[in-house]
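Here's the structure, in structure tokens; my notes come after.
Numbered from 1 within each chain, the chains take letters A, B, ... in sequence-line order. Note: hydrogens, waters and symmetry copies are ignored here, and every other heavy atom, side chains too, is used.
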Protein chains: 2
Amino acid sequence: MSSDSTFPTVLRQLLRTHQAFLSYAARHVHRLELTLPQYDVIITLGKTAGMQPKKLGEETLITKGTLTGVVSRLEDKGLVERSASKKDGRSQIIRLTEAGRAVYEQTFPEHLAHIGRLFDDYAPEEISKLEADLQRLHQAVITARGDHIEQVDDEF
Amino acid sequence: MSSDSTFPTVLRQLLRTHQAFLSYAARHVHRLELTLPQYDVIITLGKTAGMQPKKLGEETLITKGTLTGVVSRLEDKGLVERSASKKDGRSQIIRLTEAGRAVYEQTFPEHLAHIGRLFDDYAPEEISKLEADLQRLHQAVITARGDHIEQVDDEF
DNA sequence: ATTATCGAATTCTAATTAGAACAATTATTT
DNA sequence: AAATAATTGTTCTAATTAGAATTCGATAAT
């Protein structure tokens, strides 16, 4: 291991930053009587004409078991609708309803501005750099996880 | 706003990296029949002779309502114990039991090594730099949140 | 001293979460 | 074509999560 004992703190900082950001965003979204995952689904669908749950889960980082419930609750609110796919009998297409699209269009610009406020003091290159750095760590996790799967489980 | 439209992607990357890391760590911890928050409590207590729930929550980033349940489940497993504080009648002290300390001592070094594997390709300065960058973003969120609290809620 | 305010922890609720098991459908193999 | 395997989405469970309300003890103000 080429790193010293500083890595626990960077990870703790990752959690802290993640948590702070979520609560910052959630507080804003709660005014719409929506949860953050629900709003995430809406803005993800807002850019498209609908998509399958599988893709929607990949975009929003919501696992499939969870997504079913999130979408159902949005359906109850009349913001989203499910319809069967014609090509694949297993699949569905999830779309915004009229009301859902109205929410999207009326709130997304302001939401974006709200989030963007976090980066008021950032230069564009700084943002890209941070993203690249996070991507590097992400890749390291993927790699380590991959190695780990094949391994014999004699750890601990 | 001095940033262009790249900031949504850096935030998505933050979530992705966070999620990947948690699942990487959780998979390892699950072998102990413990959840990640439970193990986090154990290693946090392991460094000390016990602490109040309030401080424990601050260290682990677990909110107090959640912490009560996490600690109770660890108590059921016999890994942790609560005792009333003598100084403050409202307070409690949470400690590892013998069994809890055994788990800590027998698993923490390997856990640390497991996590450390993520940073095999990092130079120490790179780790510190990443931490500083995350801290900067964290600070930006805190600042923005602070401003926001005082504000009239006419957004959206 | 009494009241009022503050602080610590628990309880409660609705929602999310991951993970496993499942049913239904499609794709692949033989 | 028939059997097998893989994929899609739902359902189920235990745990976590944030947030609000509550209880009880401590502190401050009058």
Side-chain angles (χ1 to χ4, degrees), chain A residues 15-16 18-41 50-58 60-77 80-94 145 149, chain B residues 15-16 18-41 50-58 60-77 80-94 145 149:
Chain A
L15 306 196
R16 225 188 297 274
H18 170 264
Q19 196 176 65
F21 166 65
L22 285 193
S23 96
Y24 174 76
R27 196 180 306 189
H28 195 234
V29 166
H30 283 351
R31 301 181 183 182
L32 303 171
E33 307 272 338
L34 293 172
T35 66
L36 203 50
Q38 287 167 10
Y39 193 65
D40 205 0
V41 164
M51 63 179 75
Q52 300 176 1
K54 179 179 168 69
K55 183 167 183 205
L56 186 55
E58 287 164 0
T60 57
L61 307 179
I62 300 173
T63 50
K64 59 182 182 179
T66 305
L67 189 61
T68 299
V70 174
V71 169
S72 296
R73 257 160 248 123
L74 284 171
E75 217 177 12
D76 293 346
K77 295 182 184 189
V80 141
E81 63 188 5
R82 284 186 242 238
S83 59
S85 164
K86 281 153 191 160
K87 300 178 213 155
D88 190 332
R90 299 164 296 184
S91 261
Q92 307 231 330
I93 304 292
I94 304 180
R145 180 160 55 191
I149 285 169
Chain B
L15 306 197
R16 225 188 298 273
H18 170 265
Q19 197 177 66
F21 166 66
L22 285 193
S23 96
Y24 174 75
R27 197 181 305 191
H28 195 234
V29 166
H30 283 351
R31 302 181 184 185
L32 303 172
E33 307 272 340
L34 293 171
T35 65
L36 203 49
Q38 288 168 8
Y39 193 66
D40 205 0
V41 164
M51 64 179 74
Q52 300 176 0
K54 180 180 167 69
K55 183 168 183 206
L56 186 55
E58 287 164 1
T60 57
L61 307 179
I62 299 173
T63 51
K64 58 182 181 178
T66 305
L67 188 61
T68 298
V70 174
V71 169
S72 296
R73 257 160 249 125
L74 284 171
E75 218 176 12
D76 293 344
K77 295 182 184 189
V80 141
E81 64 188 3
R82 283 185 243 238
S83 60
S85 164
K86 281 152 192 160
K87 301 179 214 153
D88 190 332
R90 299 165 297 184
S91 262
Q92 305 231 331
I93 305 291
I94 304 180
R145 180 161 57 190
I149 285 169

For this session: Looking only at side-chain atoms of A:Thr63, point me to the closest of C:dT26, D:dG9, C:dA18.
Result: C:dA18
Exercise. Rounded to the Å, how far apart are B:Lys55 NZ and C:dA9 C1'?
Worked result: 18 Å
For this session: Measure from CD on A:Gln92 to P on C:dT25 and round the result to the nearest Å.
Result: 12 Å
Problem set entry | Check: A:Ile94 and A:Met51 side chains under 4.5 Å, non-hydrogen atoms | no
Problem set entry | A:Arg82 side chain reached by A:Ile93 side chain, heavy atoms, under 4.5 Å | no
Exercise. A:Arg90 CZ to C:dA23 C1': how many Å, rounded?
Worked result: 13 Å
Problem set entry | Protein-nucleotide distance (B:Met51, atom CE; C:dA9, atom C1'), rounded to Å | 16 Å
For this session: Rounded to the nearest angstrom, tell me the gap between atom OH in A:Tyr24 and atom C1' in D:dG19.
Result: 20 Å
I'd like a list of close polar pairs between nucleotides 11-15 of chain D and the protein, N/O only, cut-off under 3.5 Å.
none

Problem set entry | Student check: side-chain heavy atoms of A:Ile62 and A:Val41 closer than 4.5 Å | yes
For this session: Ignoring backbone atoms, test whether B:Arg82 places a side-chain nitrogen or oxygen under 4.0 Å from the OP1 or OP2 oxygen of C:dT10.
Result: yes
For this session: Send over the distance from B:Lys54 NZ to D:dG25 C1', rounded to a whole Å.
Result: 15 Å
Problem set entry | First encountered from the 5' end of DNA chain D, between A:Ala26 and A:Asp88 | A:Asp88
Exercise. B:Gln52 has an atom CD; how far is it from atom P of D:dC24, in whole Å?
Worked result: 20 Å
Exercise. Do any side-chain nitrogens or oxygens of B:Gln19 fall under 4.0 Å of OP1 or OP2 in C:dA18?
Worked result: yes
For this session: Kindly say whether B:Gly65 contributes a backbone atom to a donor-acceptor pair with the side chain of B:Thr63 at under 3.5 angstrom?
Result: no
Exercise. Given side chains that start at C-beta, do those of B:Asp40 and B:Val29 come closer than 4.5 Å, heavy atoms only?
Worked result: no
For this session: Keeping the roles fixed (side chain from B:Lys77, backbone from B:Glu33), state whether a donor-acceptor pair exists under 3.5 Å.
Result: yes
Seminar exercise, completed: The answer to which of A:Pro53 and A:Ser23 contacts DNA chain D further toward the 5' end, by nearest nucleotide, is A:Pro53
Problem set entry | Spacing between B:Glu58 atom CD and C:dG7 atom C1', to the nearest angstrom | 12 Å
Problem set entry | B:Arg16: salt bridge (Lys or Arg N to Asp or Glu O under 4.0 Å) partners, not counting sequence neighbours | none
